[in-house]
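A short worksheet on the structure shown next.
Chain letters run A, B, ... following the sequence lines, proteins first, then strands; residues in each count from 1. Side-chain atoms are counted along with the backbone in the values below, which use heavy atoms only and exclude waters and symmetry mates.
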There are 2 protein chains.
Amino acid sequence: MNDPAVTTLGYALLGLIGQSPRSGYRLRLVFETTPLGTYSSSPGSIYPALKRLERAGLVRREAAGGGKPLFHLTGTGAAALQSWLERPVDAEEAIDREIALLRFAFLEGHRDRTLSLSFLAGFAAAAKGQVDALASFLAGEEGRALSLQSRLAVEHGLASARASLGWAEQAQDRLSAEIQKEKVR
Amino acid sequence: MNDPAVTTLGYALLGLIGQSPRSGYRLRLVFETTPLGTYSSSPGSIYPALKRLERAGLVRREAAGGGKPLFHLTGTGAAALQSWLERPVDAEEAIDREIALLRFAFLEGHRDRTLSLSFLAGFAAAAKGQVDALASFLAGEEGRALSLQSRLAVEHGLASARASLGWAEQAQDRLSAEIQKEKVR
DNA sequence: CCAACCATGTAAGCTGTTACATGATTGA
DNA sequence: TCAATCATGTAACAGCTTACATGGTTGG
């Protein structure tokens with residue numbers, strides 16, 4: 001993590017709050033009702049995480065017009081989110097692709113769509129790296145010594161990395177197309 | 001987990017020890033040099049995990065012929081491993097497929113290959129369930145409201161689940177073929 | 001009025017991470 | 001002899017999970 005004090009759950013919260021200010025409960029519901037639920041979560045993790053973000057000065061509770069207080073990003077919080085979003089895709093993220101995908105989803109908040117495109121390029125490169133690494137592991141000495149089922153298990157990783165690679169290429173096309181349409185309009 | 005006291009790392013260790021007795025250091029090296037490294041690890045997690053398994057009576061240190069002591073499975077340990085391996089693939093494992101794959105790799109230890117085949121059938125069904133869930137999420141109200149990038153992020157999950165499904169079908173064929181060959185021989 | 005949902009928390013326990021510590025053995 | 005690798009740990013810290021606790025509001 002860029003900011004050592006912020007976990008993946010913390011960044012997910014920052015990203016959601018960045019989309020629109022919400023209460024703790026609303027944030028919890030997002031995790032409960034969307035595929036974002038992978039970053040899990042129960043009151044026992046979300047509320048303390050929000051408190052940490054608050055203590056770190058990344059979010060602020062603000063009650064607008066007599067309603068319940070909602071969480072808003074502070075300047076520092078927006079900057080922390082931004083720098084997390086712009087981090088290059090590393091090898092770790094090529095293996096555990098969910099975190100990278102989370103970043104991709106939140107990258108949409110930015111006007112500058114080229115950020116998303118370069119993210120996809122980096123993601124594709126990382127996926128390709130994983131494909132190559134697994135393929136050469138299978139072709140190498142250790143790989144050839146594997147039993148059928150261990151080999152199949154590794155091949156699953158390979159198939160999964162290939163799927164990610166294919167997805168990234170297609171996503172680049174679709175995003176470019178959308179950018180073109182926006183230019184024309 | 002079946003046994004509440006055993007984590008994924010614990011089962012990975014049980015599986016490896018079940019393949020062949022090893023020292024703590026050898027076990028660590030496996031994690032450092034193979035794709036199993038996803039279940040991570042540093043001395044600070046492996047040694048305490050081994051100690052827990054020992055305390056729980058699932059493994060035993062045994063020094064054969066004056067060498068360094070190696071970890072062996074106890075009867076209880078072998079039973080715990082077995083029941084973990086035979087657990088049906090649930091929805092959670094369909095999302096986070098790595099744990100399921102770990103079980104698949106270790107299932108090879110069993111003579112009875114039909115266990116592996118039924119595992120693959122269950123895995124395929126779970127993957128299909130994920131595919132359907134994500135597809136209907138995208139087709140539903142919430143899905144249609146998604147921005148392009150959020151939609152693409154979910155589609156990545158879909159592509160990944162489809163890859164798993166395809167892999168499982170192919171794996172079933174290859175495993176069946178191998179079983180046929182064994183019968184003939 | 002009562003159930004369901006809104007809304008926010010705390011506490012115990014456990015596991016994993018990082019970093020540090022220690023000593024034996026082996027090869028150049 | 002000195003560095004690398006073998007080999008096994010401990011300690012501090014932090015985060016997540018589960019379970020429990022509390023009270024307001026709304027609809028049938």
Side-chain angles (χ1 to χ4, degrees), chain A residues 1-14 16-17 21-33 36-56 58-64 66-71 90 92 95-96 98-99 102, chain B residues 1-14 16-17 21-33 36-56 58-64 66-71 90 92 95-96 98-99 102:
Chain A
M1 301 290 138
N2 256 336
D3 194 324
V6 186
T7 67
T8 303
L9 174 58
Y11 282 116
L13 290 169
L14 285 181
L16 287 173
I17 294 168
R22 271 177 263 226
S23 69
Y25 183 71
R26 289 293 149 191
L27 288 165
R28 239 189 77 200
L29 287 190
V30 175
F31 288 94
E32 266 177 17
T33 62
L36 217 59
T38 320
Y39 309 98
S40 121
S41 294
S42 43
S45 58
I46 294 207
Y47 290 110
L50 284 169
K51 206 177 276 181
R52 284 196 299 275
L53 293 175
E54 202 178 13
R55 265 206 309 272
L58 304 177
V59 303
R60 185 176 55 229
R61 267 172 237 249
E62 231 172 275
K68 308 201 179 299
L70 304 180
F71 287 96
D90 60 24
E92 202 196 324
I95 295 169
D96 194 7
E98 294 191 56
I99 296 176
L102 183 65
Chain B
M1 300 289 138
N2 257 335
D3 194 324
V6 186
T7 67
T8 303
L9 174 58
Y11 282 116
L13 290 169
L14 285 181
L16 288 173
I17 294 168
R22 271 177 263 226
S23 69
Y25 184 72
R26 289 293 148 194
L27 289 165
R28 239 189 77 203
L29 287 190
V30 175
F31 288 94
E32 267 175 19
T33 62
L36 215 61
T38 319
Y39 310 97
S40 124
S41 292
S42 43
S45 58
I46 295 207
Y47 290 111
L50 285 169
K51 206 176 277 180
R52 284 196 297 275
L53 294 175
E54 202 177 13
R55 264 207 311 272
L58 304 177
V59 304
R60 185 176 54 227
R61 267 171 237 251
E62 231 171 273
K68 309 204 177 297
L70 304 180
F71 287 97
D90 60 24
E92 201 196 326
I95 295 169
D96 193 9
E98 294 191 56
I99 296 176
L102 183 65

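B:E32 places its CD atom 13 Å from the P atom of D:dA7, with the value rounded to the nearest Å. The separation between B:L70 atom CG and D:dT8 atom C1' is 14 Å, rounded to whole Å. Separating the CG atom of B:L9 from the C1' atom of C:dG16 is a distance of 9 Å, rounded to the nearest angstrom. One atom, CZ of B:F31, and another, C1' of D:dA7, lie 17 Å apart when rounded to the nearest Å. One can place CG of B:L53 at 10 Å from P of C:dG16, the figure rounded to the nearest angstrom. One interatomic measurement links the two molecules: CG of A:L29 to C1' of C:dA4, which rounds to 14 Å at whole-angstrom precision. Taking atom CZ of A:R22 as the reference point, atom P of C:dC6 lies 15 Å away to the nearest angstrom.
Of all heavy-atom pairs between A:A49 and A:L9, the closest is CB-CD2, 4.1 Å. Across every non-hydrogen atom of B:P43 and B:P48, the tightest pair is O-CD, 3.4 Å.
Using a 4.0 Å cut-off, no side-chain N or O of B:R28 falls inside it from OP1 or OP2 of D:dT8. A sub-4.0 Å separation between OP1 or OP2 of D:dC16 and a side-chain N or O of A:T7 is present. A close approach under 4.0 Å does not occur between any side-chain nitrogen or oxygen of B:R52 and OP1 or OP2 of C:dC14.
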Any chance you could lay out the side chain to side chain contact (heavy atoms under 4.5 Å, CB included) test for B:L50 and B:I17, step after step, and finish with the verdict?
CA-CA 11 Å; B:L50 285 169; B:I17 294 168; 4.1 Å; yes
For a side chain to side chain contact (heavy atoms under 4.5 Å, CB included) check, start with the C-alpha distance between A:Y25 and A:K68, then their side-chain angles and the critical distance, and finish with the verdict.
CA-CA 11 Å; A:Y25 183 71; A:K68 308 201 179 299; over 6 Å; no
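When side chains are defined from C-beta on, B:Y39 counts as touching B:E98, because their heavy atoms get closer than 4.5 Å. A 4.5 Å side-chain heavy-atom check between B:R61 and B:L70 finds every atom pair outside the cut-off.
By the side-chain contact (heavy atoms from CB on, under 4.5 Å) test, A:L16 is found to be paired with A:Q19, A:R22, A:L27, A:V30, A:F31, A:L36, A:F106, residues two or more places apart in sequence or in another chain being considered. Residues satisfying the side-chain contact (heavy atoms from CB on, under 4.5 Å) test with A:E32, not counting sequence neighbours, are A:R28, A:L29. A search for side-chain hydrogen bond (donor to acceptor under 3.5 Å, both in side chains) contacts involving B:S45 returns B:S41, not counting sequence neighbours.
Salt bridge absent: A:R60 and A:E54 never bring a charged side-chain N and a carboxylate O closer than 4.0 Å.
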I'd like a list of close polar pairs between nucleotides 22-26 of chain D and the protein, N/O only, cut-off under 3.5 Å.
none

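Against DNA chain D, the stretch residues 43-51 of chain B makes heavy-atom approaches under 4.0 Å through B:P43, B:G44, B:Y47, B:K51.
Within the model, atoms CG of B:L53 and CG of B:L14 stand 5.0 Å from one another, a figure rounded to the nearest 0.5 Å.
When the C1' atoms of four end pairs are superposed on the next four at each end of the helix from C:dC1-D:dG28 to C:dA28-D:dT1, using five pairs per end, the two resulting axes differ in direction by 20°, to 10°.
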